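Bear in mind the structure is a predicted one, so any value in this text is a computation, not a measurement. Quick note on labels: first sequence line is chain A, next is B, and so on, each numbered from 1.
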There are 2 protein chains.
Amino acid sequence: MRLLIVEDEPNLGNQLRNALEGAGYAVDLATDGEEGHFLGSTETYDAVILDLGLPEVDGLTVLDRWRREGKTTPVLVLTARDSWSDKVAGLDAGADDYVAKPFQTEELIARLRALIRRASGNASAELTAGDIRLDTRSGKVTKDGEPVKLTAQEYKLLSYLLHHKGKVVSRTELIEHIYDQDFDRDSNTIEVFVTRIRKKLGPDVITTIRGLGYSLEEPAGVA
Amino acid sequence: MRLLIVEDEPNLGNQLRNALEGAGYAVDLATDGEEGHFLGSTETYDAVILDLGLPEVDGLTVLDRWRREGKTTPVLVLTARDSWSDKVAGLDAGADDYVAKPFQTEELIARLRALIRRASGNASAELTAGDIRLDTRSGKVTKDGEPVKLTAQEYKLLSYLLHHKGKVVSRTELIEHIYDQDFDRDSNTIEVFVTRIRKKLGPDVITTIRGLGYSLEEPAGVA
DNA sequence: ACATGGTTGTCAGGCGAGTGTCAGGAGAGC
DNA sequence: GCTCTCCTGACACTCGCCTGACAACCATGT
């Protein structure tokens with residue numbers, strides 16, 4: 001899962017980045033509205049955290065532009081506390097959720113998780129495929145009810161595939177969503193991690209679509 | 001366990017704070033409704049003690065706002081002795097328990113404990129995991145029936161993990177709940193205390209989830 | 001006031017899991 | 001059979017975590 005933070009205040013921005021990276025997200029940080037809008041328009045993110053009070057271009061404007069461009073990425077807006085007018089305006093512009101500043105990191109993360117879950121159309125916090133089960137809240141994975149120990153990267157990869165169950169996901173797409181901007185794009189880490197996951201969860205969990213990428217399917221009628 | 005006290009009368013407020021800190025809680029104190037609401041909205045507490053007669057914004061209003069914002073933190077309300085109307089109103093606004101002023105500190109603490117226990121879904125005053133047993137009433141910990149002497153911080157840490165048994169708890173979350181507002185966030189005290197607890201209770205009590213945090217599990221079927 | 005014992009937070013060194021790179025091998029598709 | 005893609009075992013390096021030692025800080029009793 002990859003996030004964009006648009007926040008001009010350096011302290012808060014970095015603090016946020018650290019917290020979210022700690023929570024297992026890949027994070028890009030933009031420090032003004034111009035850069036934020038640019039990144040949001042050109043890169044793909046699973047969610048955006050947008051501060052409203054920004055230099056150059058106001059946060060609301062950025063949000064509005066994205067929506068006009070047809071971007072549907074879920075956006076979580078940071079508002080100053082008490083600023084109800086901001087909230088209303090934000091709603092109109094198409095924000096998906098709010099957190100009042102200053103905020104508690106845990107709450108922000110919880111809301112983000114909910115946002116991403118909603119956006120990918122999953123009602124529940126649990127993602128499943130066959131006998132594999134992943135709980136996004138506790139961060140635990142089980143197979144046949146047996147807990148399986150995954151490392152951070154393995155978890156990210158599996159979680160992304162589960163969020164896009166049934167679709168074919170290219171290696172590039174995976175790299176873009178699991179790592180942040182500056183990461184060597186011609187590396188075979190993804191293959192390596194797919195292998196490692198297959199070792200832990202069984203060879204049939206992830207299907208290779210030769211030349212295109214990988215896909216995680218709900219196993220067909222076979223019992 | 002971290003508490004918020006909202007109490008305008010300085011004597012009572014400080015007295016409460018001392019008593020509760022003595023009982024092993026991390027305590028923040030707000031002296032008016034505005035500040036109280038702000039802290040309650042932005043920080044995470046395990047419970048709130050709320051006086052109803054407050055300057056600026058009334059206690060009931062504060063409570064009502066929190067509930068509208070979706071806060072589910074358990075709230076214990078302090079009411080004047082005979083003010084039944086307050087109680088009724090408080091109930092409507094979503095208070096979880098009452099203590100009539102003037103009150104006995106011990107009673108308050110007992111009720112708080114019950115409140116927190118209920119909120120975390122534990123029926124009993126005892127938290128257990130394997131052969132570890134923690135009595136929240138007496139504040140005593142035993143392993144295999146043998147009493148174990150824990151220091152205050154060790155106890156807090158263990159207790160928080162037990163309250164969240166099975167979940168992965170990040171180092172940040174632990175810091176936020178064990179210490180009060182201003183505490184250096186990048187310090188390795190948590191690691192140190194985990195080590196110390198492991199020394200006293202055995203190395204397998206607390207599991208490290210690399211990159212994410214710690215977790216306290218009910219040991220699997222193995223006898 | 002002073003001494004004492006215990007508790008708490010900081011630091012630095014060390015260790016190991018986790019991660020990415022590589023290279024050789026297997027298999028699909030033509 | 002040849003080629004291109006993907007798989008996978010081994011290795012090196014990094015970074016996170018552990019842990020022993022120290023110093024500051026209480027609380028307590030004298």
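- Across all strands shown, E191(B) has heavy atoms under 4.0 Å from base atoms, whether or not it also approaches the sugar-phosphate.
- Residue V194(A) is out of contact with every strand shown, counting any heavy-atom pair closer than 4.0 Å.
- Between Q153(B) and the phosphate of dT7(C), there is no side-chain N or O to OP1/OP2 separation shorter than 4.0 Å.
- Distances shorter than 4.0 Å separate none of the side-chain N or O atoms of S187(A) from OP1 or OP2 on dG20(C).
- Considering only the side chain of R210(A), dC4(D) comes nearest among dG20(C), dC4(D), dC7(D).
- Residue-level contact check: Y155(B) touches neither bases nor backbone, having no heavy atom under 4.0 Å from any strand.
- Using a 4.0 Å heavy-atom cutoff across all strands shown, T151(A) reaches sugar-phosphate atoms only and no base atom.
- No side-chain donor-acceptor contact under 3.5 Å links T151(B) and Q153(B).
- Take the nearest nucleotide of DNA chain C for R196(A) and for K200(B): the residue whose nucleotide is more 5' is K200(B).
- Set against dT8(D), dT19(C), dC18(D), the side chain of Y214(B) has dC18(D) as its closest nucleotide.
- In this structure, T195(A) reaches the bases: a heavy-atom distance under 4.0 Å links it to at least one base atom across the strands shown.
- Checking I209(A), L174(A), V168(A) one by one against Y214(A), the side chain to side chain contact (heavy atoms under 4.5 Å, CB included) holds for a single residue, L174(A).
- Using a 4.0 Å cut-off, no side-chain N or O of T208(B) falls inside it from OP1 or OP2 of dC17(D).
- Relative to the side chain of V192(A), the nucleotides dT8(C), dC22(C), dC17(D) differ in distance, and dC22(C) lies closest.
- Contact check, K149(B) against dG6(C): no side-chain N or O comes under 4.0 Å of OP1 or OP2.
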